[in-house]
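Keep in mind that what you see is a predicted model, and the values were worked out from it rather than measured. Lettering of chains follows the sequences in order, A, B, ..., and the numbering in each one begins at 1. Because only heavy atoms are used, hydrogens play no part in the values below, and waters and symmetry mates are left out as well, while side chains stay in.
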There are 2 protein chains.
Amino acid sequence: MASMTSLHAFCASRGDVAKSCRNCGAREFNVCQALDAVQQEKLLALASRLPLAKRDRLFSAGDPARYVYNLTEGMVCLSRSLPDGRRQILGFLLPGDFIGFEADDIHRRDAEALTEAKVCRFERAAFDGFLRDNPDVALRLLQMASGDLEQAARHEVLLGRKTAVERLATFLLDLRDRSGARHLRTHPLALPMTRGEIADYTGLTIETVSRTLRRLKADEVIELVGTGAVRVLDDDRLERLSGST
Amino acid sequence: MASMTSLHAFCASRGDVAKSCRNCGAREFNVCQALDAVQQEKLLALASRLPLAKRDRLFSAGDPARYVYNLTEGMVCLSRSLPDGRRQILGFLLPGDFIGFEADDIHRRDAEALTEAKVCRFERAAFDGFLRDNPDVALRLLQMASGDLEQAARHEVLLGRKTAVERLATFLLDLRDRSGARHLRTHPLALPMTRGEIADYTGLTIETVSRTLRRLKADEVIELVGTGAVRVLDDDRLERLSGST
DNA sequence: GTGACGCTCTGATCCAGATCAAACGCCCTG
DNA sequence: CAGGGCGTTTGATCTGGATCAGAGCGTCAC
């Protein structure tokens, strides 16, 4: 962890951030969305831009929560594990998503990059100060938090009340819709996570995930493109199989 | 913080809401926690205090989200249902909890009182304006939202990865701890929800909930006080059975 | 007091998905 | 381009919790 941090510090120079902001693909979706030029300048002063390699940990449960992050490229997964190793993946984050706002000063989850990724990092204390001076940004963040709660509620329904097929259908549709909203490719749709990670997200086992995806493929609802992507062939049927609406 | 005497003097000159504020049992935990006298007065002007009877609906999924609410007395449950009637209860809310902050203008869940209850109601637009003028209150709300997300994450782990015994043990400990933090009686601990509602919270069936609670009772980990309350007899064992930490 | 309804409890059986086991395939690397 | 390892797939069997069925039991209306 310590060595990773210093590596990141090295990569994160001031000039990079400004240039990155201008080209930031996530600008449209993230917390910076509502910033005017002056605010942007101030926030910039608090930011470091970090690149993450595939499988890098952004933080782990138990770490002090010194920073908050804005994901700008790539995919990150949030998870929480029980002492005996059972793991629940809480979500797969896409560019624009905000990471690490904790109720207290300790991270309660693990955050791991599933692909190469980039984040903007802010010191919590400084970021809080910025929010205090920029209430509309605080409101924007509140809106984003409320979106996260909505997402969590959908996930709770999936985990508590859906069958295996419904879980997988819901997972695929949700990832597709969120990817689409971020202008990411959806046809085919990238699945950079392993079957095990899909299992830990859907509350199933690897075997059930594999069998269920094969079944959807056999029924010509989806097409599997290698193991790292899917093509949704029949939207309506997948929607109906998802159990929602 | 403004002095207590001036706050009281001010409130005494007001109507029912002001009186209620003075006696508000949830003041210590809710969003008003951080208000000074001036803020309190402004917020007061936006508030209506509503009593709820047992089983009253505060709102239903699909309703326009015109208001936000602060629960000050009693217990409310949030849930979401699938079209075929399967229901997932998302949480049991206690005094101090904030209700109804939605990502858009439509409620996505049902909110129903499990006991007689009281809420403070605010028009959303007016409340948003208040937040804009009072960034520290917005930050307080952000902190509360982040607590809700933490709670949701624990619930996702429960639903996705825990056994029936672990789910019930976790449910009881969580309710007890949250009740305790609100100075509510915990010994015995009130369970105003039905077995069916516990089932819909834990992702189990009524029968499994009943059997599992009976088993915990037979093992002398808990004592059932009628069907509407429990006494935790063996904290350590219940904690171990919960699968967490 | 008594009937009845709704919630809870208990027992018998069933099944979706877990577990156990064993290939398969596709990158890597040497 | 052979070998090894990891992720995935597939098959056989098992089981925790669901489902089905019915019996308590509290409480409320009359």
### Query
Does the salt bridge (charged side-chain N to carboxylate O under 4.0 Å, His left out) test come out yes or no for Lys162(A) and Glu156(A), once each step is laid out?
CA-CA 10 Å; Lys162(A) 288 192 174 182; Glu156(A) 287 168 67; over 6 Å; no
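- For Leu168(A) and dG17(C), the CG to C1' distance is 12 Å, given to the nearest whole Å.
- Within the 4.0 angstrom heavy-atom criterion, only backbone atoms of the sugar-phosphate kind lie near Thr194(A); the bases stay farther away.
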### Task
Apply ring pair (Phe, Tyr, Trp, His ring centres under 6.0 Å) to the pair Phe171(B) and His155(B), showing each step before the final yes or no.
CA-CA 9 Å; Phe171(B) 161 68; His155(B) 196 204; 9.4 Å; no
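- Side-chain rings of Phe122(A) and Tyr67(A) stay apart, their centers remaining 6.0 Å or farther from each other.
- Counting heavy atoms from C-beta outward, Met144(A) and Asp148(A) have side chains that stay 4.5 Å or more apart.
- Among the heavy atoms of the strands lying under 4.0 Å from Gly203(B) are primed sugar atoms or P, OP1, OP2 only; no base atom is included.
- In this entry the distance linking CZ of Arg167(A) with C1' of dA16(C) reads 11 Å, nearest Å.
- The ring pair (Phe, Tyr, Trp, His ring centres under 6.0 Å) search around His187(A) returns none, not counting sequence neighbours.
- The backbone N or O of Glu197(A) lies less than 3.5 Å from a partner atom in the side chain of Thr194(A), making a donor-acceptor pair.
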Give me the distances for all protein-to-nucleotides 9-11 of chain C N/O pairs that come in under 3.5 Å?
residue : atom : partner   : partner atom : Å
dC9(C)  : OP1  : Arg214(B) : NE           : 3.4
dC9(C)  : OP1  : Arg214(B) : NH2          : 2.3
dC9(C)  : OP2  : Arg195(B) : NE           : 2.9
dC9(C)  : OP2  : Ser210(B) : OG           : 3.1
dC9(C)  : O5'  : Ser210(B) : OG           : 3.3
dG11(C) : N7   : Arg211(B) : NH1          : 2.8
dG11(C) : O6   : Arg211(B) : NH2          : 3.3

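- Using a 4.0 Å cutoff to heavy atoms of chain B, the contacted part of DNA chain D runs 5' to 3' from dG17(D) to dC20(D).
- Counting to the nearest Å, the C1' atom of dA18(C) and the CZ atom of Arg161(B) are 11 Å from each other.
- The existence of a salt bridge linking Arg86(A) and Asp200(A) is excluded, since no basic side-chain nitrogen approaches an acidic carboxylate oxygen closer than 4.0 Å.
- For Glu150(A), the CD atom counts as densely surrounded, since its 6.0 Å shell holds more than 12 non-hydrogen atoms of other residues, nucleotides or ligands.
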